Amino acid sequence: MAVRPPRPAGAPAEAPSIPETMRAVVFDEPGDADSLHLAEVATPAPVMSELLVRVVAAGQDSESYYDGSYQHSYVVSPSFIWRFGGGSQLSLRLHHHRWRSNAYIGIPLDPSVGPNDRAKILSGVPLDFNPFQGDVRGDEKYEMALIYTGQITDRLAVRAAGRWAKNDYTTLSHSIGGTAGGAINPLTGLWTPGFTYGAAPTFTPVPATTSRIYSRGGSYSSIPQTYVNVQNEYVYTIETTHLKSTTVFGLAANRYQEDDFEIFNSSKPTFDIDAYADAAPIPGARSLWAKTRVSDEQIYLQQTAEVLDGRVILNGGISRSWFHSSLTNLLNNTRTTFGPDKLLPSGGILVKPLPDLVLYYSHSKSASAPGSTSPRENVQTGEQSEYGLRYKFLRGRAVATVAYWDITQDNIQIPNANNLTVPPPVPALPPIITDRIADGWEFELNAALTKQLSLIGNYTKFKSRDPRGVPFRGVAEE
């Protein structure tokens with residue numbers, strides 16, 4: 001679905017807390033279609049009054065419905081919190097995870113199915129058939145985050161945060177290709193299953209041939225990624241009989257880099273769909289080899305004011321971001337750079353006309369650096385408006401929320417489907433650049449009917465399309 005842009009003007013770096021109870025979870029769900037084995041433990045340990053330590057560890061081993069599909073993962077994350085005098089606090093979180101899973105899964109359609117036909121599974125193929133066994137994707141990540149919060153005066157607080165992360169992402173995936181089983185009629189422009197057409201001017205229809213022999217081609221990619229983020233902000237509060245004011249001023253900087261981002265073509269021998277057998281991949285030519293540097297600096301100011309005993313809350317913000325990006329194509333030894341900047345306002349209002357009723361409106365603009373494989377002079381920008389109401393009833397035990405939102409985003413990158421041809425092109429084709437228009441409704445209900453029974457419901461209906469009205473791949477709009 002469409003991703004809502006983050007608040008553009010400096011979201012505060014909240015200091016974490018550590019629960020004071022130990023938690024352990026072991027979950028096992030065997031089954032013929034899907035199975036899941038999960039273990040998790042969280043162990044808080046107050047080492048001394050000024051120091052708290054917590055270790056979270058979890059592992060997952062699951063198999064899904066499709067033959068040979070799986071997911072294996074584990075995570076270890078220790079946290080440390082030091083508390084000083086005057087309400088100051090320093091927290092350190094370390095994180096390591098590793099996961100691997102089967103790559104893309106799908107069942108071949110009948111080759112006679114066209115764009116306007118109902119989908120039909122190829123005859124004789126089991127519903128749990130997986131022609132992508134052996135394909136794998138996964139990553140391994142190391143991360144460290146440091147957050148400091150302190151009180152300078154009774155009205156002025158400071159927050160500082162830093163994060164470093166290193167991630168190695170790898171994917172081996174293949175597509176399968178077979179005979180089309182039909183063609184587009186040159187005279188009508190419509191797909192006609194079962195026929196192909198001869199040369200102009202007659203375009204004589206010819207019965208299409210089909211085969212149950214499929215080819216396999218794809219790629220292996222390796223993406224080493226490094227992230228560095230730092231943030232420093234100051235929060236000034238004023239509280240009187242008629243006004244509560246919060247002012248936030250801050251600076252932030254982010255850096256992202258990829259060293260030796262590589263994609264190699266890969267292939268496997270053809271196979272008979274009635275006698276499938278996996279095979280070792282055959283390495284091919286290198287279709288992409290690049291080095292990327294993306295960074296941005298931001299300065300922001302946010303102001304929030306509460307009046308009329310909190311029945312009206314006003315919020316406004318402004319930020320300016322400077323972007324810097326460079327891509328070095330190591331295949332042809334060329335380098336592309338750019339460095340635009342963006343001014344990003346935001347604002348909103350919340351009104352409580354009744355004690356149990358809240359009405360709100362917000363509007364914001366956002367911007368982010370473009371994707372690493374195809375830098376361009378324009379950053380990805382977004383604009384969002386949201387209207388909503390929230391109502392409490394049953395003496396506060398139930399809350400209903402209704403919201404309408406619309407989002408526009410430009411310079412969206414989507415994968416180029418022509419890279420899925422068998423064999424894939426060399427060099428790899430760049431992503432397709434398009435825009436997104438999305439709007440929709442959200443309904444949510446949370447109710448504590450009794451002390452032992454709660455009711456939670458959510459319904460979303462929206463559209464997420466490009467400017468021509470074409471839905472984005474993999475987006476369920478309801």
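Since this is a predicted model, take the numbers as computed values, not measurements. Sequence positions, counted from 1, serve as the residue numbers for this chain. Reckoned from all heavy atoms, side chains included, excluding hydrogens, waters and symmetry mates.
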Side-chain ([X]) to main-chain ([Y]) donor-acceptor, under 3.5 angstrom:
{"X": "R397", "Y": "A448", "result": "yes"}
{"X": "R216", "Y": "P269", "result": "yes"}
{"X": "S321", "Y": "Q298", "result": "no"}
{"X": "T192", "Y": "A183", "result": "yes"}
{"X": "N416", "Y": "P430", "result": "yes"}
{"X": "T450", "Y": "Q452", "result": "yes"}

In terms of side-chain heavy atoms, does [X] have a donor or acceptor partner in [Y] at a distance below 3.5 Å?
{"X": "S464", "Y": "R436", "result": "yes"}
{"X": "E383", "Y": "H363", "result": "yes"}
{"X": "D410", "Y": "T381", "result": "yes"}
{"X": "T204", "Y": "T202", "result": "yes"}
{"X": "T337", "Y": "S326", "result": "no"}
{"X": "D67", "Y": "Q133", "result": "yes"}
{"X": "Y256", "Y": "Q225", "result": "yes"}

What is the distance from atom [atom1] of [X] to atom [atom2] of [Y], rounded to the nearest 0.5 Å?
{"X": "E63", "Y": "S101", "atom1": "CD", "atom2": "OG", "answer": "13.0 Å"}
{"X": "Y169", "Y": "W99", "atom1": "OH", "atom2": "CH2", "answer": "5.0 Å"}
{"X": "F264", "Y": "S219", "atom1": "CZ", "atom2": "OG", "answer": "11.0 Å"}
{"X": "I456", "Y": "L445", "atom1": "CD1", "atom2": "CG", "answer": "9.0 Å"}
{"X": "S267", "Y": "I282", "atom1": "OG", "atom2": "CD1", "answer": "4.5 Å"}
{"X": "I223", "Y": "D260", "atom1": "CD1", "atom2": "CG", "answer": "12.5 Å"}

Evaluation steps, side chain to side chain contact (heavy atoms under 4.5 Å, CB included), between Y142 and N167: CA-CA 7 Å; Y142 297 87; N167 189 59; over 6 Å; no
Whether over 12 other heavy atoms sit under 6.0 Å from N333 CG: no
Derivation and outcome, side chain to side chain contact (heavy atoms under 4.5 Å, CB included), residues L146 and M144: CA-CA 7 Å; L146 192 66; M144 178 176 65; 5.8 Å; no
Is there side-chain contact between [X] and [Y], with heavy atoms separated by less than 4.5 Å?
{"X": "E442", "Y": "W405", "value": "yes"}
{"X": "P281", "Y": "H174", "value": "yes"}
{"X": "L288", "Y": "F261", "value": "yes"}
{"X": "V75", "Y": "V56", "value": "no"}
{"X": "D139", "Y": "H97", "value": "yes"}
{"X": "I412", "Y": "D435", "value": "no"}
{"X": "V206", "Y": "F195", "value": "no"}
{"X": "I176", "Y": "F132", "value": "yes"}

Evaluation steps, side chain to side chain donor-acceptor pair (under 3.5 Å), between D296 and W322: CA-CA 5 Å; D296 67 87; W322 294 265; over 6 Å; no
Chi angles and distances behind the side chain to side chain donor-acceptor pair (under 3.5 Å) call for N411, Q380: CA-CA 5 Å; N411 295 314; Q380 178 180 309; over 6 Å; no
Full working for side chain to side chain contact (heavy atoms under 4.5 Å, CB included) between R465 and I437: CA-CA 5 Å; R465 309 288 178 91; I437 301 172; 5.6 Å; no
CA sep, side-chain torsions, deciding dist, call: N229, Q231, side chain to side chain donor-acceptor pair (under 3.5 Å): CA-CA 7 Å; N229 316 98; Q231 183 180 14; over 6 Å; no
Steps toward side chain to side chain contact (heavy atoms under 4.5 Å, CB included) verdict (L122, F129): CA-CA 11 Å; L122 191 65; F129 177 64; over 6 Å; no
Closest contact, heavy atoms only, F203 versus P186: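 Looking at all heavy atoms of both residues, the closest pair is CD2-CG, 3.5 Å.
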Contacts of type side-chain hydrogen bond (donor to acceptor under 3.5 Å, both in side chains), residue D168, not counting sequence neighbours: none
Qualifying residues under side-chain contact (heavy atoms from CB on, under 4.5 Å), relative to Y74, sequence neighbours excluded: H96, R98, E140
Working for side chain to side chain donor-acceptor pair (under 3.5 Å), residues Q384 and D406: CA-CA 6 Å; Q384 173 184 338; D406 67 85; over 6 Å; no
Within the 6.0 Å centroid threshold, strictly below: Y360 and Y387: no
Pair K166 + E143, salt bridge at N-O below 4.0 Å: no
Qualifying salt bridge (Lys or Arg N to Asp or Glu O under 4.0 Å) pairs, either residue in residues 273-294, two or more places apart: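 For residues 273-294, and leaving out neighbouring residues, the salt bridge (Lys or Arg N to Asp or Glu O under 4.0 Å) pairs sorted by first residue read R212-D274, D259-R293, E262-R286, K268-D278.
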